[in-house]
Enquirer: 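Once you've had a glance at the structure underneath, I'll fire off some questions.
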Amino acid sequence: MAVLAKPINRIAVVKKQESQKFVREFNENKVTNEFLDSCKKAGKLFGNRK
């Protein structure tokens, strides 16, 4: 099954009043090191592609 995606060439603009909220939510949704490690282990199961 192939997944196709259309690239978006727009830059997100964050208003000054919403910047603190944006940064807080961004930091809460960061990918953890544990998740990255599990992705690396899963990647080894599927081959040597990165």
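Residue numbers count from 1 along this sequence.
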Enquirer: Tell me who clusters with F35, hydrophobic residues only, linked when side chains sit under 4.5 Å apart either directly or through other members.
Expert: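 Its cluster mates, by chain and number, are V31, L36.
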
Enquirer: For I11, does the CD1 atom sit with more than 12 other heavy atoms under 6.0 Å from it, leaving out its own atoms?
Expert: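 Atom CD1 in I11 is not packed in, count stays at 12 or less.
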
Enquirer: Are R24 and K21 packed together at the side-chain level, in the sense that at least one heavy-atom pair is separated by less than 4.5 angstrom?
Expert: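 Yes, close enough: below the 4.5 Å cut-off.
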
Enquirer: Hey, what do you get for CD (E25) to CD (E18), rounding to the nearest 0.5 Å?
Expert: 9.5 Å

